[in-house]
Amino acid sequence: MQETIVLYPALGMGHVICTVELGKLIFNHYKNQFSITILLITSEVLHDPSIDLYVENISKSYPFITFRRFPYLPVDKTPTRSKAAIAFECIRNNTPNALHSLKEISAVSKVKAFVIDLFCGPALSVARELNIPTYFFFTSGAACLSSFLYLPTIHEQHHESFKDLFGVILDFPGIPPLKAIHLPEPILDRKDPAYNDFIYFCTQLPKADGIMVNSFDSLEPKALEVLSNNLCVPNGKTPPIYCIGPLIAGQTGAQHHCLSWLDKQPSKSVVFLCFGSRGTFTREQLKEIADGLERTGERFLWVVKNVPLHAKIKQTDHTTDFELDSILPEGFVERVKDRALVVKAWAPQVAVLNHDAVAAFVTHCGWNSTLEAVVAGVPMVAWPLHAEQHINRNLLVEEMKLAVGVEQRDEDGYVNAAEVERRVKEMMGSDRGRELRQRSLTMREKASQALGESGSSIKALDKLIQRLKHG
Ligand SMILES: O=c1ccn([C@@H]2O[C@H](COP(=O)(O)OP(=O)(O)O[C@H]3O[C@H](CO)[C@@H](O)[C@H](O)[C@H]3O)[C@@H](O)[C@H]2O)c(=O)[nH]1
């Protein structure tokens, strides 16, 4: 009987892409031993057309991956609900679909493992009903995992909403201290239904047979040590951790005009600014970035998304239906055109980061962006916006020393032009910048070793697969 591994990502491009990469890694490394099925939640409210296109392309290029797309289910769309609350409800409502799919797949094939995203935690119990070994695939890093495992403990220690705890610093095992207001949005407000969902997801993590993490041993040694010493789950046990990364998306968008522009720039001369799939800014913030960049005199490539209207339920923003001049300072694009390119909405980030002209990356610290920069050996200016990005920022700046951080206003994360100028200049022209570049090149080597023949990530994957086969 055919053996199958079933993967179940959460909503959102970032989650789907690295799950596909995990499927490719398993299939390619264990040729023909397993078929790969990916269960896909769809949502009318949070629909992202770029995922449809991506899945279509993957299905064509990698026919060994089968997608099973769930139908739209109704969710409460009240406009005051947070995006996280809607997403979590949508995922929860799909749990019966996950059970149904697992039963159908089990009828024709032996399901060796069910691999679920953190936010698909409700599906853990259904797989248990069917006696299928169940693993989490954690799409952020080990430091973030250790903080999420410890969150239920932090939750017990406090009674106010974290958003109201200005000035309070939280201590998590193995990671740099974190301001309470810098926790991911769904856990900032205890009145938001997403809060309890999030804590529930964290309590599911230790119940799995293991947790795969998109990271590698030499990137996050401290976090991995506290995980292996079981310091994050005081009343329970941390399951085996398998660091199987860095898994990053393949290069796409080879035709994008920004690449031909980069071809004309000198080696290591360009600062690249890009803030993930939903990194939008207000007009005021865009003006500060523009002013700061203009003052540096450096070359730059900047991906700008339209200003948000009502950001509450926005998933991604790839709209190019706007004029740059209408949201950037008057005459800015014209003034910098000899040394800079401003691109609307989207650039092929992996290809850009690997271009010889790129010297530094101003990033929102999304984990995929972080790993892509690590793999390309590009040092970063860390500018976290939301989700777990402040945790990643602290790690990058304080522990890994692969980034400088921007100073942000606590209330809203605002950064002024002088700070943008200072950090870009620091990265491009100071000893610290040179030191970070050197460290980034060293880490690039380690990343490549991790996925090399007897690298730590391949060994971890082997260990897991042996367990699946014989356990
Ligand atoms: O113009 C763009 C913008 C983004 N990307 C790609 O889109 C992905 C963005 O992923 P990531 O950096 O992880 O950011 P988000 O899309 O914001 O991802 C969400 O999911 C991540 C994984 O769980 C979390 O780490 C983030 O905080 C969360 O916001 C990366 O592969 C980028 O290369 C592009 O290619 N071009």
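The chain is numbered in sequence order, starting from 1. Counting starts at 1 for both ligands and their atoms, in listed order.
Y195 pairs by the ring pair (Phe, Tyr, Trp, His ring centres under 6.0 Å) definition with H155, not counting sequence neighbours. With sequence neighbours excluded, no residue forms a salt bridge (charged side-chain N to carboxylate O under 4.0 Å, His left out) with K222. Contacts of T442 classified as side chain to side chain contact (heavy atoms under 4.5 Å, CB included), with partners at least two apart in sequence or in another chain: K446.
A distance-only check finds a donor-acceptor pair linking the side chain of S59 to the backbone of V55 [under 3.5 Å].
Protein residues having a heavy atom under 4.0 Å from any atom of ligand 1 are H15, T139, C274, G276, S277, R278, V303, A345, W346, A347, Q349, H364, G366, W367, N368, S369, E372, A387, E388, Q389, listed by chain and number.
Note that K344 lies in the cation-pi zone of F322, set by a 6.0 Å cut-off to the ring centre and a 45° limit from the axis. With a 6.0 Å cutoff to the six-membered ring centre and a 45° limit on the axis angle, R190 counts as a cation-pi contact of F162.
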